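Here the structure is laid out as structure tokens; the discussion comes afterwards.
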Amino acid sequence: MAKWTPKHEAPEPLEGPVVATITGGTILWFVLFLVQLPFYGWFDDHGHLWWLWTCLAGAGLGLIGIWYVRKRDAAIKRAAAAADADGSSTTPATGPSAPGAGGATA
């Protein structure tokens, strides 16, 4: 069996409003929890109580996600500022496709 090798480099990751996206998702999970809370008895009677706890877990994990992406965003901005201070016109490469990070090459 031959080992699979990629034929091209992986594309750069898409960057966007990551903090806003995670925050919006966290708020959505928490709102869904609050909307379902008055129906606790119905969920319990029908064996669907896990729906309620899934929404609460989504909100809780979202809080961890907000903390993580804010730290990540700050680190990316610090790295870009350091690269600008060094006079380098290139931005620092991040992720698995960065040189020397074991990324696939053509």
Side-chain angles (χ1 to χ4, degrees):
M1 177 178 223
K3 181 179 174 186
W4 179 81
T5 56
K7 304 226 184 296
H8 54 80
E9 247 182 83
E12 289 293 319
L14 296 175
E15 290 295 330
V18 180
V19 176
T21 302
I22 301 299
T23 302
T26 302
I27 291 169
L28 181 64
W29 279 114
F30 190 66
V31 167
L32 287 172
F33 170 74
L34 291 178
V35 167
Q36 292 180 21
L37 197 55
F39 304 102
Y40 185 90
W42 185 88
F43 286 127
D44 194 23
D45 292 343
H46 291 87
H48 296 300
L49 201 53
W50 63 271
W51 289 4
L52 188 71
W53 302 125
T54 299
C55 293
L56 187 60
L61 289 172
L63 291 175
I64 295 169
I66 291 169
W67 172 79
Y68 178 82
V69 297
R70 288 185 71 206
K71 293 287 187 182
R72 177 184 176 268
D73 195 36
I76 290 171
K77 287 178 182 175
R78 273 194 315 270
D84 288 344
D86 290 341
S88 174
S89 62
T90 60
T91 58
T94 59
S97 62
T105 57

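The model shown is predicted, which means the values in this text are computed figures rather than measured ones. For reference, positions follow the sequence shown, starting with 1.
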According to a hydrophobic-cluster definition based on side-chain heavy atoms being under 4.5 Å apart (Ile, Leu, Val, Met, Phe, Trp, Tyr only), do [X] and [Y] belong together?
X     : Y     : value
Phe30 : Tyr40 : yes
Leu61 : Tyr68 : no
Trp29 : Trp51 : no
Phe33 : Phe39 : yes
Trp50 : Leu37 : yes

- Message: Angle between ring planes, Trp42 versus His48, binned at 30° and 60°: parallel, tilted or perpendicular?
- Response: parallel
- Item | Which atom of Arg70 lies closest to which atom of Val19, heavy atoms considered | CG-CG1, 3.9 Å
Within this structure, what is the [atom1]-[atom2] distance for the pair [X] and [Y], rounded to the nearest 0.5 Å?
X     : Y     : atom1 : atom2 : result
Leu34 : Leu56 : CG    : CG    : 9.0 Å
Leu63 : Ile22 : CG    : CD1   : 11.5 Å
Ile64 : Thr26 : CD1   : OG1   : 10.0 Å
Ile66 : Ile27 : CD1   : CD1   : 7.0 Å

- Item | SB check Glu15 Lys77 (cutoff 4.0 Å) | no
- Within 6.0 Å of CH2 in Trp67, more than 12 heavy atoms from elsewhere: no
- Message: I'd like to know whether CZ of Phe43 has more than 12 heavy-atom contacts from other residues, nucleotides or ligands below 6.0 angstrom.
- Response: yes
